[in-house]
Amino acid sequence: MSRVNRAASPTERGSAAGSAAAQRYAARLGAERFVPGLWGWLVPVIIFVFALALRLDGLNNPHTLIFDETYYAKDAYALLQTGYELEWPSGADADWLAGDPQPTGQGSYVVHPPLGKWLIALGILPFGMAEPLGWRFSSAVAGALGALLIAFIAQRMFRSVFLGGFAGTLTAVEGHHLVMSRVALLDIFLTLFVLAAFGALLADRYSARRRLAQWAAQTPGESTGWEYGPGLMFRPWRLAAGVLLGCAVAVKLSALSFVAVFGILAVLWDLQARRALGVRRWVRAGLRHDALPAVVTVLPLAALTYLGSWIGWLLSAEGWGRSAFDPAPEGLAGLVPGALRALWNYHASATEFHTGLESGHEYASHPLTWLFMGRPVSMHYQSLSQGEEYEHTGQVCQAEACSSAIVDLANPLIWWTGAVALVVVLGLWLGRRDWRYGAILSGVLAGGAVWLLFPGRTMFFFYTISYHPFLILAITVVAALLLRAGTGPVDRQGTPRPRAAIVSAQQRNTVFVLCFTLLAVAVSVFFWPVWTAELIPYEQWQMRMWVQSWI
């Protein structure tokens, strides 16, 4: 059978030219497509399974309510019973551990929104509350999902499956993240929603810029459309980010700082995109076509998501403060439903509590010490003498003295490397204005620097978990720079590099990054006992307390 050759039609040639132009514009905007293939999915999934296994292993130890679990686990149980938090009588922890929780019928005043406690309740539903697995399970899943997300996000930001696996692995084994994933506290859920919102904004960034590139390729240069550029209208990833940020605030009100910082970040991205594309009135266009639609769609969506987390309280009559504004007052205020007026009053009280919290605490620390890990929080400690039985596992102390501890202590190698990496990223951003560096710094700004605005407030090291993913991304920046060292086509003197020298440098650099990863894993193995309440000889516990302030 003979093959008939034919010339491409004008339509086909025009389509090909348009596609090539769109690709050029996409490259200018930094929005080229990245197709990681099978490994791009397989590596993050393997990391998720590995991270989940680490977080579920021995999750019932200790078999008691530790640290603030005494509030959040019981609040989760109350939500399942009534839809709102209840007060608990004296001795409630003992009743809880005996499998006979006895909350009162009176609504309880709490200062954190309900969503994180609803998520804890999702673990209690299938596993019950007789075993700690029930009230800690959701935290473990959230932590593993965080490792999965950071692997995908790093993979896309750095266009490397290897670096995505690097970031995911560090998250999976890092002790601070591990501890917060193994206790029924709210902060790991806050971190998950913040990270997911950041990922959604990244997806929106790439999607919007590819749409701009397509428009530019199809629009003649003399067109008046270049005054302002196109209105992108429906942006589903941005709407998803709004929902996720609403969920983050519905876990802890401190997530409002991420709403503000990420909102500014997204607007700056849009302005820069129109400027790079060549739109003549790019500031006005970005504000009119991007910022204004985001304000009137994303913020209300986030607010409605937040409001939805209170549905149990809103539909109740007995929740704390729920009936404070019944019956309706006269005048315009009477047009606002009593439930919403009561909710506003509730939040005014909670805001006063958060900003005025100045009570002393043994493990309180200042934000300026967090990057140095000056005062991690001890969530559980029990000492035993030789021959005593450890009640939580049935083990018997074989040494002269034994210890069981859960210290919210970060992996020192990862954490201190991350602190140095942030300085590097700041310098790189000031020198190169790479958008990725600014994005990483924005997460640290929203999660960490915001606490500097409240110098007298009682604060704890575990608040840093909200910007933990951005610390990992900062380390990934340094790893990316290391992988490129000596791999350019020419050296500093302009002499072309032989192909063999480039391959050798690539192999050497990869080995360096892998060695750091293996060393980080080894450090985590060393600290594992004091993250998971293992019963160890007292000397072994003391060996891991490198700094006096860690005790």
For this session: Output yes when a side-chain donor or acceptor of Thr417 lies under 3.5 Å from a complementary backbone atom of Ile414, and no otherwise.
Result: no
For this session: Identify whether the distance between the nearest side-chain nitrogen and carboxylate oxygen of Asp434 and Arg432 falls below 4.0 Å.
Result: no
Exercise. Do Tyr72 and Trp135 make the cut of ring centroids closer than 6.0 angstrom?
Worked result: no
Problem set entry | Crowding at CH2, Trp435 (>12 non-hydrogen neighbours, <6.0 Å) | yes
Problem set entry | Taking every non-hydrogen atom, the tightest pair across Pro113 and Trp310 | CA-CZ2, 3.8 Å
For this session: Could you walk me through whether Arg375 and Ser549 pass the side chain to side chain donor-acceptor pair (under 3.5 Å) test, one step at a time?
Result: CA-CA 6 Å; Arg375 186 60 170 162; Ser549 63; 5.7 Å; no
Exercise. Below 6.0 angstrom between ring centroids: does that apply to Trp416 and Phe372?
Worked result: no
Exercise. Is a side-chain N or O of Trp451 found less than 3.5 angstrom from the main chain of His366, in a donor-acceptor match?
Worked result: no
Seminar exercise, completed: Of all heavy-atom pairs linking Arg457 and Tyr463, the shortest is NH1-OH, 3.2 Å
Exercise. What heavy-atom pair brings Asp75 and Val110 nearest, and what distance separates the two atoms?
Worked result: OD2-CG1, 3.8 Å
Exercise. Between Arg238 and Asp270, is there a side-chain N and carboxylate O pair less than 4.0 Å apart?
Worked result: yes
Problem set entry | Lys/Arg N to Asp/Glu carboxylate O, Arg136 vs Glu69, below 4.0 Å | yes
For this session: Kindly give the heavy-atom pair with the smallest separation between Tyr363 and Phe460, and that separation in Å.
Result: O-CD2, 3.5 Å
Seminar exercise, completed: Test side-chain contact (heavy atoms from CB on, under 4.5 Å), reference Val477, set Ile440, Leu482, Val424, output is Ile440
For this session: For Trp550 and Met373, indicate whether the former's side chain and the latter's backbone hold a donor-acceptor pair under 3.5 Å.
Result: yes
Exercise. Are any side-chain N or O atoms of Arg544 and backbone N or O atoms of Phe526, one a donor and one an acceptor, separated by less than 3.5 Å?
Worked result: yes
Exercise. Just how far is it from atom NE2 of His289 to atom OH of Tyr228, taken to the nearest 0.5 Å?
Worked result: 8.0 Å
Problem set entry | Check: Asn411 side chain, Ala520 main-chain N or O, donor-acceptor pair, under 3.5 Å | yes
Exercise. Taking only residues two or more places apart in sequence, or in another chain, which ones meet Arg433 in a side-chain contact (heavy atoms from CB on, under 4.5 Å)?
Worked result: Trp429, Leu430
Seminar exercise, completed: Result for side-chain hydrogen bond (donor to acceptor under 3.5 Å, both in side chains) between His468 and one of His177, Glu174, His176 points to Glu174
Exercise. Is there a donor-acceptor pair under 3.5 Å between the side chain of Ser442 and the backbone N or O of Val261?
Worked result: no
Exercise. Any sub-3.5 Å donor-acceptor pair from Arg182's side-chain atoms to Leu54's backbone N or O?
Worked result: yes
For this session: Measure from the ring center of Phe262 to the ring center of Trp269 and say whether it is less than 6.0 Å.
Result: no
Exercise. Do Tyr381 and Ser404 get their side chains close enough for a donor-acceptor pair, meaning under 3.5 Å?
Worked result: no
Problem set entry | Distance, nearest 0.5 Å, that separates NE2 of His361 from OG1 of Thr458 | 8.5 Å
For this session: For Arg211, enumerate each residue passing the side-chain contact (heavy atoms from CB on, under 4.5 Å) test, keeping only those at least two apart in sequence or located in another chain.
Result: Ser207, Leu232, Arg235
Problem set entry | Arg275, CZ atom: more than 12 neighbouring heavy atoms under 6.0 Å | no
For this session: List the steps, then state whether salt bridge (charged side-chain N to carboxylate O under 4.0 Å, His left out) holds for Asp290 with Arg274.
Result: CA-CA 10 Å; Asp290 301 315; Arg274 291 181 184 270; 2.7 Å; yes
Exercise. Step by step, would you call Phe462 with Trp370 a ring pair (Phe, Tyr, Trp, His ring centres under 6.0 Å)?
Worked result: CA-CA 9 Å; Phe462 67 79; Trp370 290 347; 9.1 Å; no
Problem set entry | Heavy-atom closest contact (Leu52 atom, Ala140 atom, distance) | CD1-O, 3.9 Å
For this session: Measure across Ile150 and Gly168 and return the closest heavy-atom pair with its distance rounded to 0.1 Å.
Result: CG2-CA, 3.7 Å
Exercise. Is the gap between the ring centers of Phe470 and Phe198 under 6.0 Å?
Worked result: yes
For this session: Identify which one of Tyr84, Tyr71, Tyr346, Trp313 satisfies the ring pair (Phe, Tyr, Trp, His ring centres under 6.0 Å) criterion when paired with Tyr109.
Result: Tyr346
